[in-house]
Structures are given as C-alpha cells and as structure tokens.
Amino acid sequence: MPATPLPPLHVGDITVTIFNSGDLRHFLRDSLDLPASAWQGRYDDALFGDWIPVPVQCALIQTPSATVLVDAPSADLGEESDLSVPGYTPPPDLLRQLASLRVDPSDITHIVITHTHFDHFNGLADIHTASPRANYPQAQLLIGRADWEAQAQAEGFAQGTSPSAQMLQPYASAGRLQLVDAPVELAPTVTVIPSPSETRGHLSVRVQSQGTTFYCIGDVYHHWVEVENRDWMVGWADHDLTVAEREKLEPTALAEDARLMASHINGIGRLVRAGDGVRWEDIPLAAAQ
C-alpha cells in the first residue's frame, strides 16, 4: 500500500494532498461486465481473473482563502461487505491523516462530494453517537443536485434512518448543504464543475494556478483500462453520460497537460495520446511539480 498521505502536489501556489482511506476489493471482470473476448490477449489474465485492490482516494486543496476536501471517505464498510479486503489493515482514518498534516477538521471550509456512492462520503459524520455529528463542523457541503434528489427518494432517507441519511443530514440540518447544477467557484483558483457520468449529479473539481492545472475527477474512470477503452465502464454507470463526459475531458486534459486524480486509480496521472485514443500515465509526485 502506498504511503498516505502522499507527498504534496504543488499546483502553482496551491497545495494539493492526496489521501487513501483504504483499499477495496474490485472485481474488474464483473464490474465491467465484459465478455472474455474483449480483454483476452490484450491484458494480463490476472487483471480480470480475480479481484484486485483499488484505493479510495480523496484530496485536500489548500488555498489562501479556502481549504477544500474533495470527498470524505472511510475504509469502514463493515465486515460483511463483499468489498472488504480479507485480512487487510487500512491506513489511519482520514481525520488522523489530516491531523498528521496539522489540519484540524474545523479548518475545512468546503467539502465537495463527487457523487453520492457511500464510499465517497461515509466519513462525513460520526453516526455511532446518540445523534449523528458532523466530523467537519465548519464546512459547507457541496453535492450535485441530481444526486441529492436521488438520495432523497431512497428508502429511509427522509426518515433519517439510512446510513447515507445519517452522514448527510447533519450538514443539511445546519444549513450547510449547497446543491450544485452549474459551475461554482470556491476560490479564484478552485472551481466545482458538474461532470455527469457515473451518476447524473457527479461533480469534478478543477484547480488552476500559474499555468498548471489539476482535476479531481471522482469516478469518471474507475480503472486505467477504461481510459484506453472509452466505452468500458462499471455496469451501474450511466453509459451515455459517461461517454460524453470522457469525450469532453480528454481533449481538455491533453491540451492543459493536466494532472488528474481519479478516486480508484493510485496516485495521480495524466492522459496521453495513444493511437486514436488516450491512455493513463502515472506521474510520480516528485516529477509532478
């Protein structure tokens, strides 16, 4: 498992730190729902033959006027989850990782949830108390409007009985929930951008400073094989929206030579041209400055 938090990335005069809250078990063959003929002979059988570990990453963006957390995950999915890695000891939780950088939870001014799949926001609150308590007491919580509305329709959400509701409601009840359906500037260098893909309310975050650009793209891609195969995606993603978002992102990221963080691809990378398409290229953080 890579060290976490990772060494800081400097985007101009902005500091970005990537955290891994812990690895999950991912069955690539099943999640992409591909016939063997699609990948055999092109990729190592081990990649599709059994489960592989994938990280659940988030990012801290520190600017002079805002301290932004992109996603707030926890490795605690419950022992019964089929996503849990057998015998795995996760890294320290996100609050302790932030503390290692001398970042107090009350320092966080904004939290952007890329989309409302539980592994991206299940560290927002302590739900093991008499009433759920926000882990980031001063933060404004930004969620895509379409994702919030989908959550609001879920069974148990209105009553506050589901784990999802218990994580989100402390922020909504305190008036610190902002629903997003258009770009939102959090600082002169940080913009939240709707990026409908895996979900209709999916959000990305763009950081640009002194000619350098960085994107947190959530689950626009789950794995680098999806970068090489634009039509490949997890079965629960909205196919048409995801293809359209990738078609929009690819030329932009290439033109900007942007650094990218995808939630489930280790570290950071960039898109590079590969024939008529693109591929993912890992960037060692020491070389990314």
Side-chain angles (χ1 to χ4, degrees), residues 1-9 16-32 43-44 46-48 50-61 68-79 81-98 100-101 103 111-124 197-199 202-205 214-228 232-234 236-237 259-271 279-288:
M1 179 182 67
T4 184
L6 294 176
L9 168 70
V16 178
T17 306
I18 309 299
F19 303 87
N20 179 12
S21 70
D23 290 348
L24 301 181
R25 233 175 11 155
H26 187 65
F27 295 86
L28 197 60
R29 177 189 57 205
D30 296 338
S31 65
L32 298 180
Y43 297 104
D44 191 324
L47 192 60
F48 287 86
D50 200 354
W51 65 269
I52 57 173
V54 298
V56 182
Q57 298 187 142
C58 62
L60 179 71
I61 302 167
V68 181
L69 187 62
V70 184
D71 286 336
S74 166
D76 183 11
L77 296 178
E79 294 181 0
S81 173
D82 61 3
L83 299 177
S84 297
V85 176
Y88 173 67
T89 300
D93 64 31
L94 182 55
L95 293 173
R96 284 184 288 171
Q97 291 189 50
L98 289 167
S100 74
L101 300 179
V103 176
I111 303 173
V112 180
I113 302 302
T114 57
H115 59 297
T116 53
H117 288 167
F118 200 51
D119 57 318
H120 292 260
F121 69 94
N122 63 333
L124 276 175
S197 47
E198 186 174 35
T199 64
H202 192 284
L203 304 174
S204 296
V205 177
F214 169 79
Y215 288 91
C216 295
I217 59 172
D219 283 4
V220 173
Y221 305 105
H222 266 85
H223 191 274
W224 55 262
V225 299
E226 299 175 33
V227 181
E228 298 178 4
W232 291 11
M233 65 195 67
V234 293
W236 53 89
R259 282 65 174 147
L260 306 176
M261 186 205 80
S263 299
H264 302 298
I265 303 177
N266 276 311
I268 66 167
R270 59 161 63 91
L271 302 186
R279 63 177 176 82
W280 181 274
E281 180 179 83
D282 291 327
I283 303 177
L285 272 165

So, taking the atom named [atom1] in [X] and the one named [atom2] in [Y], what distance separates them when rounded to the nearest 0.5 Å?
X: Ser31; Y: Ile52; atom1: OG; atom2: CD1; answer: 8.0 Å
X: Asp119; Y: Cys58; atom1: CG; atom2: SG; answer: 11.5 Å
X: Ile18; Y: Cys216; atom1: CD1; atom2: SG; answer: 6.0 Å
X: Leu260; Y: Tyr221; atom1: CG; atom2: OH; answer: 8.0 Å
X: Asp30; Y: Trp51; atom1: CG; atom2: CH2; answer: 14.0 Å
X: Asp282; Y: Trp224; atom1: CG; atom2: CH2; answer: 10.0 Å

[X] side chain to [Y] backbone, donor-acceptor under 3.5 Å:
X: Glu198; Y: Met233; result: no
X: Asn122; Y: Pro73; result: no
X: Asp71; Y: Thr114; result: yes
X: Asp219; Y: His222; result: no
X: Ser197; Y: Val220; result: no

Grab the two heavy atoms, one from [X] and one from [Y], that are nearest each other, plus how far apart they are.
X: Gln97; Y: Pro92; value: NE2-O, 2.7 Å
X: Ala72; Y: Ile113; value: N-CD1, 4.2 Å
X: Pro5; Y: Thr17; value: CB-CG2, 3.7 Å
X: Ser21; Y: Pro90; value: O-CB, 4.2 Å

key: Plane angle bin for Trp232 and Phe48 - parallel if under 30°, tilted between 30 and 60°, otherwise perpendicular   = perpendicular
ask   = Going through the distances and angles, do Leu94 and Leu69 end up as a side chain to side chain contact (heavy atoms under 4.5 Å, CB included)?
value = CA-CA 11 Å; Leu94 182 55; Leu69 187 62; 4.0 Å; yes
key: Pair Glu228 + Arg279, salt bridge at N-O below 4.0 Å   = no
Heavy-atom side-chain proximity of [X] to [Y] below 4.5 angstrom:
X: Phe121; Y: Ile111; answer: no
X: Thr116; Y: Thr199; answer: no
X: Phe27; Y: Asp50; answer: yes

So, using ring-ring contact (aromatic ring centres under 6.0 Å, His included) as the criterion, who are the partners of [X] when residues are at least two apart?
X: His223; value: none
X: His120; value: His115, His264
X: Trp280; value: none

